[in-house]
Participant: 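One structure, pasted below without further comment.
Each chain gets a letter, A, B and so on, in the order the sequences are listed, and its residues count up from 1. For clarity, every value in this text was computed on a predicted model and none was experimentally measured.
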Amino acid sequence: MSSLIDMYVAQVIRRLPEESRPDIARELKATLADMVDERLGAHDGNETDAVRAAERSAVEELGDPALLAVQYQDAPQYLVGPELYPAFIRLSRWLLPLVALVSAVANAVVYATTSPEAAIGGMMGAIVGNSVVALLIATGVVTALFAAGERFLPEKDKAEMTRTVSYGDWSADDLYEEAPSRRISRGETITALVFLVIAAALPVIPSSFFYVGHLNDSGSFVNPELWSGWIPAYLAFVGAFVLVEGWKLIAGRWTAPILLTSIVADVAFAVFLSAALLTQDILDPRLFNGNYWRDVAWIAPVAVAAIWAATAWDQAITWRNYRTRNVMDKTAA
Amino acid sequence: VFHVHEKGNAVLAGHLQELRRGTVVLAALAACRTPRYGYALLAVLSAAGLQVEANTLYPLLRRLEMQGLLQAEWNTDESRPRKYYTLTALGAEMADLLRGEWLSLNADLSALWKEDPR
């Protein structure tokens, strides 16, 4: 007879804690019965169709049982609330790139040292595949920890956590003059360091890594004769650039000495590379069946032009960063 | 133009909801100065011009009961068992404070409206 009402009440309390069910069920049933009575009004209560229609209208007024059950729930209906959200975001912003970087480096090293014949495709697969898993796990762990904190930390501690993580004991004294900012972004420096590591590895990457190992017995791409002087000089340059990037990382801002050092180093390196390209056979001649000049002679001048273009572009960007005043100056202009 | 209008309506609906949300508690406490069961409360509030949805009111009554502002008692004398809600001493005290706040907000807004005519 009153099956719609029973079904409705059952679907609400199914989603509620055990101990609150009987009380809420009883109250909802009485309410729905009142609502049905009101709708039937003058009608004779024996008309099944009218009763059915009244029941239908009553449960529809209360709406989706799932939503009503949510209204009854006291537990938070979210994973991480506004008090913990800043800390959650802050931690994720630091942790996830770090996890990605560590995972990429670790997997590259493990792959390079454990594969019988390392190749670019396999290495990319190992890095990307494992890093995605590492990122997913890190995201899951951080989210689970914060969701647990959201539920079990006392309100006072949650509020405290927001304060210490986002502002500390901040006071007006902590404001600092935003002198011509010339800030060096940490991300940029770290990217540069990653490229320098790759640059340092270039002379020793075996040709089998790019699937052409059969041409020169998996030797390096670089002409082995250059080890007598050119390659050590190249590595010294890379080492010097690493030092400059480290300096930038520590200083955090462009200063005149850093600017000068970096311009001098860039230009010197461009000169060095140009000299190497124009006077030496850079690539291992065995890769070209000994027909070095006929096959790849055009590479040298193109590479030199590219190097100088890149160097000029780099100096322009560096100069622009150095010249950039702080935000307020920009808005004032 | 239609799009802007639509958006304006949504914004208005959001603000109205925010404005009314807090008043439901005060209305429920006020109506419970006399012992009443849920369905009767809905009728009383509706008669007073306060439109409160049933699916908002019932969970709210339960929450107020848990907070000790309302006291509930099942009455099984009638044909249908009914859960009657009454203000507790704490609830009465809090209702007074909330009402004071409401009146003061009302006065402040009225004053602001007068001081700053369009």
Participant: Which pairs, with at least one residue in residues 37-46 of chain B and sequence neighbours excluded, count as a salt bridge (charged side-chain N to carboxylate O under 4.0 Å, His left out)?
Facilitator: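 Passing the test, one end in residues 37-46 of chain B: no pairs.
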Participant: List the atom pairs, with distances to 0.1 Å, where a side-chain N or O of residues 128-145 of chain A and a protein N or O form a donor-acceptor pair under 3.5 Å, not counting sequence neighbours.
Facilitator:
{"residue": "A:Asn130", "atom": "ND2", "partner": "A:Asn107", "partner atom": "OD1", "Å": "2.8"}
{"residue": "A:Asn130", "atom": "ND2", "partner": "A:Ala126", "partner atom": "O", "Å": "3.2"}
{"residue": "A:Ser131", "atom": "OG", "partner": "A:Ser103", "partner atom": "OG", "Å": "2.8"}
{"residue": "A:Ser131", "atom": "OG", "partner": "A:Ile127", "partner atom": "O", "Å": "2.6"}
{"residue": "A:Thr139", "atom": "OG1", "partner": "A:Leu135", "partner atom": "O", "Å": "2.6"}
{"residue": "A:Thr143", "atom": "OG1", "partner": "A:Thr139", "partner atom": "O", "Å": "2.6"}

Participant: Check every N and O of chain A against chain B and note each donor-acceptor pair under 3.5 Å, with its distance.
Facilitator:
{"residue": "A:Asp23", "atom": "OD1", "partner": "B:Trp74", "partner atom": "NE1", "Å": "2.7"}
{"residue": "A:Asp23", "atom": "OD2", "partner": "B:Arg62", "partner atom": "NH1", "Å": "3.2"}
{"residue": "A:Asp23", "atom": "OD2", "partner": "B:Lys83", "partner atom": "NZ", "Å": "2.5"}
{"residue": "A:Glu27", "atom": "OE1", "partner": "B:Tyr85", "partner atom": "OH", "Å": "3.2"}
{"residue": "A:Glu27", "atom": "OE2", "partner": "B:Tyr85", "partner atom": "OH", "Å": "2.6"}
{"residue": "A:Thr31", "atom": "OG1", "partner": "B:Tyr58", "partner atom": "OH", "Å": "2.8"}
{"residue": "A:Asp34", "atom": "OD1", "partner": "B:Arg80", "partner atom": "NH1", "Å": "2.8"}
{"residue": "A:Asp34", "atom": "OD1", "partner": "B:Arg82", "partner atom": "NH2", "Å": "2.4"}
{"residue": "A:Asp34", "atom": "OD2", "partner": "B:Arg82", "partner atom": "NE", "Å": "3.3"}
{"residue": "A:Asp34", "atom": "OD2", "partner": "B:Arg82", "partner atom": "NH2", "Å": "3.0"}
{"residue": "A:Asp37", "atom": "OD2", "partner": "B:Arg80", "partner atom": "NH1", "Å": "2.7"}
{"residue": "A:Asp37", "atom": "OD2", "partner": "B:Arg80", "partner atom": "NH2", "Å": "2.9"}
{"residue": "A:Glu38", "atom": "OE1", "partner": "B:Tyr39", "partner atom": "OH", "Å": "3.2"}
{"residue": "A:Glu38", "atom": "OE2", "partner": "B:Tyr39", "partner atom": "OH", "Å": "3.2"}
{"residue": "A:Leu62", "atom": "O", "partner": "B:Asn55", "partner atom": "ND2", "Å": "2.9"}
{"residue": "A:Gln71", "atom": "O", "partner": "B:Arg63", "partner atom": "NH2", "Å": "2.7"}
{"residue": "A:Gln71", "atom": "NE2", "partner": "B:Asn55", "partner atom": "O", "Å": "3.2"}

Participant: Ignoring hydrogens, what is the shortest heavy-atom contact between A:Ala30 and B:Pro81? Give both atom names and the distance.
Facilitator: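 What the structure gives for the nearest pair is CB-O, 3.4 Å.
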Participant: Output every pair passing salt bridge (charged side-chain N to carboxylate O under 4.0 Å, His left out) with a member in residues 141-152 of chain A, not counting sequence neighbours, ordered by first then second residue.
Facilitator: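 Matches after skipping sequence neighbours: A:Glu150-A:Lys158.
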